[in-house]
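To start, the structure under review is shown below, and the notes come after it.
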Amino acid sequence: MMEAKVESKYAKNDYRGLPSTLCQGCGHNSISSQIISACFELGIQPEKVVKFSGIGCSSKSPTYFLNRSFGFNGLHGRMAPLALGTLFADTSLKGIGVSGDGDTASIGMGGFKHLVRRNMPMVYIVENNGVYGLTKGQFSATAEKGLMLKKQGTNPYLPVDIAMEALVSNATFVARSFAGDPRQVKELIKAALSHNGIAVIDIISPCVTFNNQEGTLHSYTWGKDREAPLHEISFIPPRDEIMVEDFEEGSVREVTMHDGSLVLLKKLENDYDPTDRWQALRILEDAQRNNWLITGLLYINPEIPSLIDTYDLPQQPLNRMSQEQLRPGSSVLDEINAMMQ
Amino acid sequence: MMEAKVESKYAKNDYRGLPSTLCQGCGHNSISSQIISACFELGIQPEKVVKFSGIGCSSKSPTYFLNRSFGFNGLHGRMAPLALGTLFADTSLKGIGVSGDGDTASIGMGGFKHLVRRNMPMVYIVENNGVYGLTKGQFSATAEKGLMLKKQGTNPYLPVDIAMEALVSNATFVARSFAGDPRQVKELIKAALSHNGIAVIDIISPCVTFNNQEGTLHSYTWGKDREAPLHEISFIPPRDEIMVEDFEEGSVREVTMHDGSLVLLKKLENDYDPTDRWQALRILEDAQRNNWLITGLLYINPEIPSLIDTYDLPQQPLNRMSQEQLRPGSSVLDEINAMMQ
Amino acid sequence: MKAQPQDIINDFCITFATVNGSGSQTANNTILRALFKMGIPISGKNKFPSNIQGLPTWYSIRVSKDGYLGRLEKDDIVVCMNPASFENDLAYLNPGGVVLYPDDFKQTIQRTDISAYPMPVKALSRSADISPALRDYIANMVYVGVLAWLLQIDLDEIHQALNHHFRGKQKAVESNFSVAREAYQWAGENLKKNDPYRVERMAPLDGYIMTDGNTAGALGSIFGGVQFVAWYPITPASTLPEALIEFLPQYRKDPLTGKNTFAVVQAEDELAAIGMIIGAGFGGLRSMTATSGPGLSLMTEYAGLAYFAEVPTVIWDVQRVGPSTGLPTRTAQSDMTMAHNLGHGDTRHVMLIPGSVTECFEFGWMAFDLAEHLQAPVFVMSDLDLGMNQWMTLKFEYPEPPMDRGKVIWEEELEKRIGSWGRYADVDGDAIPYRTVPGNLHSGAAYMARGTGHDPQAHYSEDPQVWEINLNRLVAKYYSAGDLVPQPIVDVLQGAKNGIITYGSSDPAVIEARDILGKKGFNFDKLRLRAVPFTSEVEDFLRSHDTVYVVENNQDGQMAQLLSQEFPALAGRLVKVAHNDGLPLSAAWIVESILKEGE
Amino acid sequence: MKAQPQDIINDFCITFATVNGSGSQTANNTILRALFKMGIPISGKNKFPSNIQGLPTWYSIRVSKDGYLGRLEKDDIVVCMNPASFENDLAYLNPGGVVLYPDDFKQTIQRTDISAYPMPVKALSRSADISPALRDYIANMVYVGVLAWLLQIDLDEIHQALNHHFRGKQKAVESNFSVAREAYQWAGENLKKNDPYRVERMAPLDGYIMTDGNTAGALGSIFGGVQFVAWYPITPASTLPEALIEFLPQYRKDPLTGKNTFAVVQAEDELAAIGMIIGAGFGGLRSMTATSGPGLSLMTEYAGLAYFAEVPTVIWDVQRVGPSTGLPTRTAQSDMTMAHNLGHGDTRHVMLIPGSVTECFEFGWMAFDLAEHLQAPVFVMSDLDLGMNQWMTLKFEYPEPPMDRGKVIWEEELEKRIGSWGRYADVDGDAIPYRTVPGNLHSGAAYMARGTGHDPQAHYSEDPQVWEINLNRLVAKYYSAGDLVPQPIVDVLQGAKNGIITYGSSDPAVIEARDILGKKGFNFDKLRLRAVPFTSEVEDFLRSHDTVYVVENNQDGQMAQLLSQEFPALAGRLVKVAHNDGLPLSAAWIVESILKEGE
Ligand SMILES: Cc1ncc(C[n+]2csc(CCOP(=O)(O)OP(=O)(O)O)c2C)c(N)n1
Ligand SMILES: Cc1ncc(C[n+]2csc(CCOP(=O)(O)OP(=O)(O)O)c2C)c(N)n1
Ligand code: SF4
Ligand code: SF4
Ligand SMILES: [Mg+2]
Ligand SMILES: [Mg+2]
């Protein structure tokens with residue numbers, strides 16, 4: 001389902017955005033880069049893309065890629081309906097949405113589930129860091145159960161699994177990746193851009209700043225040994241983005257997070273069949289039990305008509321229609337008046 | 001997990017509510033009766049129950065049972081947080097929520113999922129009829145794909161499966177039943193009342209009035225043959241509630257709905273093990289493929305601590321606490337002042 | 001006992017007391033249209049419960065040769081088909097009034113100052129060629145027939161009305177008509193008329209049609225070129241989008257391709273509905289939703305975004321009684337202040353306020369022109385009375401001006417402006433910037449819309465001055481709407497010192513009240529608001545009257561509040577004449593209140 | 001070139017220009033507290049971007065021997081650690097001002113009317129015994145030391161302030177202090193002071209403490225017996241619930257069992273947060289949330305339910321700049337009209353408006369008494385300036401009155417009232433009914449709360465009169481709050497014809513502006529509002545002054561609007577003095593505006 005690389009008349013620069021104002025080392029920045037690369041490699045006309053986001057650090061990122069694409073940085077948790085409405089205006093446009101885990105799985109849960117259920121054709125990326133970055137590190141709905149954060153205490157809930165939520169809402173394209181695995185991220189985005197339907201990509205994207213589990217190694221609480229946590233600290237030490245080297249399908253890779261905790265990335269096997277929704281659910285459930293983060297294209301079904309397909313719309317974009325097409329003639333009104341007399 | 005019947009000092013009358021104002025033959029009425037029976041059979045003190053609902057025909061029903069229990073008929077789609085807040089006031093109270101499919105799966109999706117995820121101890125009943133009854137029969141999110149309704153056209157979306165949604169949100173008790181199967185409904189409610197955690201019961205509850213598929217047998221559009229549909233009709237012919245006789249575990253039963261369509265009820269096998277979440281997901285997926293409505297207790301896990309359990313609250317209800325318990329002494333304030341000086 | 005009074009012709013109120021779900025709507029509409037067809041001014045108001053079946057419901061038809069369309073507080077004739085409400089219904093009868101009821105009612109009638117006609121409903125409906133399931137329904141045709149005889153409504157008109165109702169489906173027309181005719185005959189043979197009420201044919205109401213405001217609003221929107229509708233069901237707004245769903249496929253196929261030039265999405269809730277239409281508005285579509293109080297509440301945050309990001313869209317608020325879920329099936333004008341400032345921070349919106357069903361049509365298309373011209377959400381403030389009741393109303397007129405798509409620029413135009421253009425740059429000094437929309441393929445067309453602070457180039461900005469300049473422009477834009485919105489309708493008399501301001505569905509009662517007051521020697525000039533922001537006419541009107549009564553159907557006197565805010569120096573002249581109990585205002589109440597205030 | 005001016009003592013403004021995420025907060029707080037400890041009135045205001053790391057941020061400390069706490073528009077001293085803002089920062093310096101900056105800045109300083117002190121930041125911070133990762137952070141201590149030398153702040157006070165900041169954690173105190181001390185020494189040895197600014201110890205500020213409004217609000221709530229908190233993160237409200245999460249476990253264990261007497265739930269959004277606290281309020285708990293504009297918008301529908309179903313709860317609105325997402329990290333008083341009428345239909349709410357950090361504490365506990373007494377939601381209208389900035393403020397006083405739990409009746413009391421009791425029955429004629437809560441085991445205690453029409457027995461009702469009587473009672477109840485809410489603070493001069501009304505965080509600037517105007521010979525009486533509904537004092541004040549300037553930090557003059565609505569006859573006297581650019585009002589702007597208006 002991935003398109004071959006095409007000869008493009010655009011340079012990579014044509015896909016760039018403004019300089020990022022996110023933290024140095026934030027996973028979100030690396031995802032922006034891959035969106036740029038994916039669009040470049042597909043040779044998409046930048047004007048044919050529309051960007052959407054909610055509110056959060058993640059939702060700021062559409063400013064940092066595809067300057068020549070329209071975009072709407074909307075409301076917290078409400079990206080879904082905004083994108084849906086816009087994409088009816090000209091159905092030849094590609095929608096790329098970037099949301100956060102708080103934005104999608106906490107406040108935005110309802111909108112997300114219903115957008116997916118409608119099979120609205122667009123790419124829906126969740127930059128998933130388990131916290132609310134922009135409001136300074138509270139738990140989001142994807143935070144691990146038992147996670148302890150300074151100020152917030154212990155998280156008592158099991159995390160929302162965004163990929164599983166998408167599957168259960170009958171998504172037609174579901175993938176998971178890790179921000180530090182740029183090649184996979186890029187390939188999945190390219191595949192998603194080529195899919196006619198909702199394409200959900202849940203990307204684990206570490207927050208360098210607020211994964212400050214109290215007392216863990218490298219936590220920016222400045223070392224237990226010194227017994228001197230910097231209270232109400234506003235200091236964010238510069239960090240590097242976490243990157244993994246390319247690794248094999250089917251293998252497992254350990255990744256150390258900024259707070260010192262370990263994450264087990266597992267790439268889907270080479271022969272995994274992503275057209276079986278049932279398998280996808282099973283493998284996710286499996287991964288949960290094994291504490292793996294399973295990455296790759298989990299599910300795809302290109303057969304289901306997209307929402308737009310069900311609407312019998314003309315080729316010509318609705319937003320270019322003339323008064324002649326939009327306002328019935330006066331004889332029609334005469335008929336109506338007669339009918340109501 | 002079902003409690004044995006206890007000797008009760010209450011008569012059945014102690015559990016009744018006001019007369020119903022729902023349509024004659026509405027499935028919701030039969031569910032109210034079973035809530036009454038379940039509470040009666042368990043001998044629950046009616047004052048120890050608190051009722052909740054949203055807005056809709058279904059959400060009206062708490063008025064029609066348990067007159068001696070407090071209740072809050074809240075806002076459309078927002079039953080979940082309201083119930084959560086109230087039940088902290090006195091954790092010895094049992095919460096029973098009654099919601100509709102529109103209320104829960106359309107507007108209330110986010111709240112529902114998060115209440116479930118929190119494992120808030122209460123019984124959450126969805127009276128699921130696939131339409132918005134109270135606003136006159138539009139599609140809800142549980143309407144079948146392809147369903148055609150007068151005025152509304154064809155439903156282009158796959159239905160939300162409330163039981164599956166609950167499971168994916170880590171519900172600790174998930175069941176499905178049919179309003180016309182009173183014994184099963186009652187037994188499930190009894191089990192749910194005995195569960196310490198969220199207990200979701202998705203009950204298919206036919207709307208006698210708005211399942212008026214255009215042109216189907218018995219549709220109240222007054223017969224194609226006469227070629228005279230009553231336009232903008234406000235006439236609702238009196239109908240009987242659909243009832244099935246008791247039927248065996250593991251067997252399948254055909255039920256004819258008011259609009260003439262058939263539903264296949266399948267009761268879970270006797271030896272079905274409801275403690276395996278994975279099995280529950282599988283059987284739901286299976287049922288979807290076979291077009292069955294699988295009924296029975298799909299999943300239960302009594303081990304997970306409920307939300308309330310995680311809060312280290314005293315025995316004494318919070319809402320009976322005195323000023324002495326709630327207002328720290330003046331020396332505490334002196335300390336605080338000193339600290340801030 | 002009863003004196004034989006003089007005939008009362010074409011001037012009374014009939015109420016049908018039934019049970020909801022019993023199908024009486026067909027019967028009531030039949031009478032209503034038959035009267036209308038006879039040239040008699042009428043209006044029909046439904047007072048129904050917020051449930052589906054089995055509770056009392058009332059339908060009142062006002063017959064008024066003088067053309068008054070407001071609500072009357074008492075009935076002259078009541079057709080009571082519901083034993084549960086019988087006693088109460090009788091109490092609402094004026095002395096000398098009439099009651100029709102099925103002859104199997106057990107209750108006895110205590111009042112002696114009224115005429116009572118029992119009807120053999122069971123017998124007559126049983127005799128009809130009708131499936132038993134439909135007997136209860138057809139029973140309603142009995143009262144149609146009896147009433148026709150009693151009031152001297154032409155049976156032919158009844159037949160025509162049924163034809164209209166069933167859109168010519170003969171089978172349905174005939175089976176209904178046969179019952180009505182039989183009842184008519186029965187009445188002729190068995191009843192002795194001993195009451196004064198009857199109708200007489202008048203000159204044909206040629207310039208008029210009969211329909212409801214929600215249908216009119218939908219049709220107006222269709223002629224306004226609506227392209228995208230998102231909605232969530234709620235009484236009393238639902239019938240507007242439902243009319244769109246019905247009519248759009250009929251009237252809005254692309255003439256070239258036969259494809260749809262529109263899309264309607266039933267959203268999962270109102271938060272989504274408004275999100276969708278704002279998305280569509282941003283995309284360059286004429287987009288709209290319709291909702292009522294609870295839905296409007298949920299739209300608050302998004303409304304503020306549309307204001308601030310300058311996205312055109314149209315929001316119909318078909319108002320019902322609040323606060324909260326309130327009385328979902330009763331009418332009010334009580335979201336006025338709320339809608340005007342919907343959103344946190346400093347937000348204000350343009351509102352159109354139709355005062356008739358015809359204006360629902362007119363403002364239906366006009367709202368899009370305004371929204372796109374102003375690049376702002378426009379609220380159309382209707383209500384249940386206007387939206388769901390049947391009104392005799394002026395024929396719809398074809399929109400005269402061409403569509404105003406506002407300052408949307410496409411590739412070519414943009415190319416000329418490159419350099420000076422910025423999405424939020426006020427190049428013309430009219431506070432309205434030029435706008436590009438997605439799909440514009442010029443490489444300089446794109447911008448990032450946002451709800452956060454931004455500069456004229458749409459770039460994120462926290463600069464205090466950039467913020468304030470932008471906000472001040474938005475206010476200037478808002479006020480500039482004063483020249484575009486429909487002007488108020490001012491009716492000035494010779495030498496009236498005092499005035500009345502009203503709006504929306506309260507107008508019919510005010511028209512009547514003003515006539516009554518005039519007859520009592522109290523003259524008032526009148527201004528009917530049709531939009532906010534207030535135009536200069538409003539200020540002039542306030543300035544030129546000592547006391548101005550603001551008549552409206554809500555508790556707080558919300559329009560008076562908005563006027564006080566806007567014209568503090570003149571606020572002392574305002575007197576609130578406001579109340580709401582879920583029913584449309586009556587002229588009697590207005591007269592009484594103004595006289596009391598004037599004491 | 002620069003004349004050697006006279007010393008300027010304890011009266012100037014220092015701004016620290018840094019980059020966010022660089023940890024300057026510790027340094028700034030250290031200076032602030034050191035000055036406070038020296039008895040010098042100060043206030044600190046943070047102007048920070050809505051991101052986490054890498055953008056310019058400014059922290060301003062006003063040092064004012066006269067105790068003025070309002071914002072100054074220009075700086076006397078700027079410590080610039082951020083090359084990106086250097087140029088701009090210099091522009092904000094008053095003539096004769098001072099700039100401190102790291103000696104490795106590339107830019108040259110153009111201004112010749114200021115004193116410039118480069119600091120060897122890199123060198124000094126490198127020498128400290130500090131891990132390399134923390135160097136950037138510790139660099140801030142360099143300017144603390146240099147500034148201490150320059151202003152003559154006692155090094156001892158710096159040490160104490162660090163001690164306070166790190167709660168006595170010696171390791172942290174010492175490593176920070178060692179850098180500050182070294183910088184101090186370096187300055188003494190290398191700098192030549194050629195500017196007039198310095199501080200002098202004053203009498204100890206014994207009655208005062210230093211903290212922020214959100215912390216104060218949290219503590220006030222704790223002493224108010226808060227039992228249930230639901231919240232959703234949002235700037236600038238988050239630190240209030242976060243302070244609750246920090247302090248509740250410390251101060252609110254049950255004395256008998258050691259268990260929690262409270263619960264805090266982080267909700268999935270604001271719709272859920274308010275739903276939860278309304279549920280808890282219905283359940284008889286003292287419940288609260290804290291939010292800001294966007295969250296408040298989402299609470300609209302539920303706020304109407306609480307009003308109508310008469311559920312006590314407390315909602316803090318820590319206001320920021322709107323419309324829409326606006327400027328999340330800037331201050332405004334622009335949700336006033338919105339909060340007052342939050343909800344569709346006819347809704348109005350009681351609002352408390354703290355004007356100081358001490359009042360944040362006080363209204364924190366008082367809000368619960370009012371909410372439970374009135375059986376209604378109470379809004380506490382704070383803002384970012386009050387809530388997140390550090391203020392010198394009067395010590396908190398222990399709540400004098402016992403908790404007012406309102407007319408909640410339990411089994412015994414109910415038993416006595418059976419027969420006359422109904423959940424919404426106004427038996428005492430004070431518009432406040434008796435209330436039972438779930439868990440009351442009396443068999444007659446239960447009722448069904450609802451957002452739909454209901455009678456005194458809480459039964460569903462669509463009856464027009466029942467509706468209107470109930471709604472009128474709710475308005476009467478609202479007005480009865482006028483006797484309970486904190487009265488305005490009125491300050492009357494001899495013979496002032498004109499007055500100023502202000503509220504909340506605008507008060508400090510008004511205090512100062514009034515002094516300035518007084519010195520210019522323009523005298524004004526003053527009234528500081530502390531609550532809505534308006535009490536009789538407000539009407540008296542309006543009545544007794546020819547012109548009343550309403551000073552507030554928003555665009556629309558929202559309080560003036562509310563006053564116009566409430567007192568239309570007096571509205572002509574009101575003059576709006578309102579603007580918002582995200583910053584707290586300054587005295588200079590108020591003076592200028594009033595003088596201009598008065599022209
Ligand atoms: C209605 C509303 N509530 C709260 C906020 C405050 N807010 C801004 S961003 C954010 C959380 C963002 O978290 P996430 O979506 O996970 O993005 P991240 O910053 O982690 O990338 C919140 C709660 C808001 N802007 N609007
Ligand atoms: C915010 C809001 N939007 C819309 C409505 C209108 N409304 C009332 S009931 C209902 C649907 C109820 O459907 P469901 O929950 O399935 O219950 P049912 O009537 O089918 O039992 C709607 C949309 C409302 N009350 N509040
Ligand atoms: S706070 Fe976290 S999520 Fe936000 S920009 Fe910084 S690293 Fe990224
Ligand atoms: S409309 Fe349908 S759901 Fe509502 S009461 Fe009638 S049968 Fe039940
Ligand atoms: Mg996040
Ligand atoms: Mg339903």
Side-chain angles (χ1 to χ4, degrees), chain B residues 14 18 21 45-48 50-52 55 60 62-63 66-75 78-90 92-93 110-111 113-114 118 307 311-321 323-328 330 332-333 336-337 339-341, chain D residues 208-211 219 222-225 227-228 230 251-252 254-257 259-261 263 265 267-269 271-273 275-287 301-302 305 309 395-396 398-399 402-403 436-443 445-452 459-460:
Chain B
D14 293 325
L18 299 179
T21 60
Q45 183 175 358
E47 289 77 17
K48 282 286 189 187
V50 196
K51 307 172 287 182
F52 302 96
I55 296 289
K60 280 174 183 278
T63 305
L66 293 179
N67 237 348
R68 282 168 52 180
S69 305
F70 280 83
F72 207 138
N73 179 193
L75 297 179
R78 312 286 169 211
M79 176 177 96
L82 195 75
L84 184 146
T86 304
L87 292 170
F88 268 91
D90 178 344
S92 71
L93 300 175
K113 298 278 288 183
H114 283 279
R118 293 178 202 279
L307 180 69
Y311 271 83
D312 198 28
L313 297 173
Q315 204 76 39
Q316 184 193 13
L318 286 184
N319 69 2
R320 293 198 189 242
M321 289 205 158
Q323 165 158 345
E324 288 60 47
Q325 291 166 288
L326 298 178
R327 175 169 286 167
S330 62
V332 175
L333 189 60
I336 290 169
N337 272 322
M339 191 179 78
M340 292 180 164
Q341 218 163 10
Chain D
Y208 290 85
I209 55 177
M210 200 174 73
T211 189
L219 289 167
I222 288 171
F223 282 83
Q227 297 173 287
F228 186 85
Y251 302 132
R252 283 287 303 283
D254 184 11
L256 297 169
T257 61
K259 301 267 185 183
N260 294 328
T261 63
V265 179
E268 61 270 26
D269 59 20
L271 289 149
M276 290 175 188
I277 63 169
I278 289 173
F282 164 69
L285 300 186
R286 300 203 133 184
S287 67
E301 192 190 13
Y302 247 127
L305 176 69
K395 272 186 180 172
F396 302 153
Y398 197 73
M403 282 184 189
T436 53
V437 301
N440 183 323
L441 299 177
H442 193 291
S443 66
Y447 72 99
M448 179 67 87
R450 53 173 87 251
T452 41
H459 290 142
Y460 183 74

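In what follows, chains carry the letters A, B, and so on, assigned in the order in which the sequence lines appear, proteins first and then strands, with residues in each chain numbered from 1.
If you measure heavy-atom distances from B:Ser69 to chain D, the contacts under 4.5 Å come from the backbone alone. With a threshold of 4.5 angstrom between heavy atoms, B:Asp90 approaches chain D through side-chain atoms but not through N, CA, C or O. Only the side chain of B:Val50 comes within less than 4.5 Å of a heavy atom in chain D; its backbone stays farther off. In this structure, chain D has no heavy atom under 4.5 Å from any part of B:Asp14. The contact between B:Pro62 and chain D is made by backbone and side chain atoms together, counting heavy-atom distances below 4.5 Å. Neither the backbone nor the side chain of B:Leu66 has a heavy atom closer than 4.5 Å to any heavy atom of chain D. For B:Glu324, the part lying under 4.5 angstrom from a heavy atom of chain D is the backbone only. Contact annotation for D:Phe228: only side-chain heavy atoms (C-beta onward) come within less than 4.5 Å of a heavy atom of chain B. Of the two parts of B:Pro317, neither the backbone nor the side chain holds a non-hydrogen atom closer than 4.5 Å to a non-hydrogen atom of chain D. Contacts between B:Leu333 and chain D at a heavy-atom distance below 4.5 Å involve backbone atoms as well as side-chain atoms.
Here the straight-line distance linking atom NZ of B:Lys60 with atom CZ of D:Arg450 works out to 8.0 Å at 0.5 Å rounding. Put simply, CG on D:Leu441 and OG1 on D:Thr436 are 11.5 Å apart, with the number rounded to the nearest 0.5 Å. Taken to the nearest 0.5 Å, the CD1 atom of D:Ile222 stands 7.0 Å off from the CZ atom of D:Arg252. Here CD of B:Gln316 is found 13.0 Å from NZ of D:Lys259. Values are rounded to the nearest 0.5 Å.
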message: Go through it in stages, so that I can follow the logic: the residues are B:Glu47 and D:His442, the test is side chain to side chain contact (heavy atoms under 4.5 Å, CB included), and I'd like the CA-CA distance, side-chain angles, deciding distance and then a yes or no.
response: CA-CA 7 Å; B:Glu47 289 77 17; D:His442 193 291; over 6 Å; no
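Of all the listed residues (D:Thr211, D:Val437, D:Leu219), the one sharing the greatest number of non-hydrogen pairs under 4.5 Å with chain B is D:Val437. Between chain B and the options D:Gly224, D:Gly283, D:Ala230, heavy-atom pairs under 4.5 Å are most frequent for D:Gly283. Chosen from D:Ala273, D:Pro255, D:Gly451, D:Gly281, the residue pairing most often with chain B at heavy-atom distances under 4.5 Å is D:Pro255. When each of B:Asn319, B:Ile55, B:Leu313 is scored by its heavy-atom pairs under 4.5 Å with chain D, the top score falls to B:Asn319. With chain B as partner, the option from D:Leu271, D:Asp269, D:Ile277 having the largest number of non-hydrogen pairs under 4.5 angstrom is D:Leu271. Each of B:Met321, B:Met339, B:Met79, B:Arg118 has some count of heavy-atom pairs under 4.5 Å with chain D, and the biggest count is that of B:Arg118. No other option in D:Pro399, D:Gly284, D:Ser287 has as many heavy-atom pairs under 4.5 Å with chain B as D:Pro399. Heavy-atom pairs under 4.5 Å with chain D peak, among B:Ala89, B:Gly110, B:Pro81, at B:Pro81. Chain B forms the most heavy-atom pairs under 4.5 Å with one residue out of D:Thr452, D:Thr257, D:Leu256, D:Val265, and that residue is D:Val265. Among B:Leu93, B:Thr21, B:Leu18, the residue with the largest count of heavy-atom pairs under 4.5 Å with chain D is B:Leu93.
Using bins of under 30°, 30° to 60° and over 60° for the plane-to-plane angle, the ring pair B:Phe70/D:Phe282 lands in the perpendicular bin.
The shortest distance between side-chain heavy atoms of B:Tyr311 and D:Asn260 does not fall below 4.5 Å. For the pair B:Leu82/D:Tyr302, a side-chain contact is recorded, criterion being any heavy-atom separation below 4.5 Å from C-beta on.
Between B:Leu318 and D:Gln227, the shortest heavy-atom contact is O-NE2, 2.8 Å.
Legend: residues meeting side chain to side chain donor-acceptor pair (under 3.5 Å) with B:Lys113, ordered by chain and number and at least two apart, are A:Glu165, B:Glu165, B:Ser169.
Side-chain contact check for D:Ser443 and B:Arg68: no donor-acceptor pair (N or O, by modelled atom type) lies under 3.5 Å.
For D:Tyr208, the OH atom sits in a loose shell: 12 or fewer heavy atoms of surrounding residues, nucleotides or ligands are nearer than 6.0 Å.
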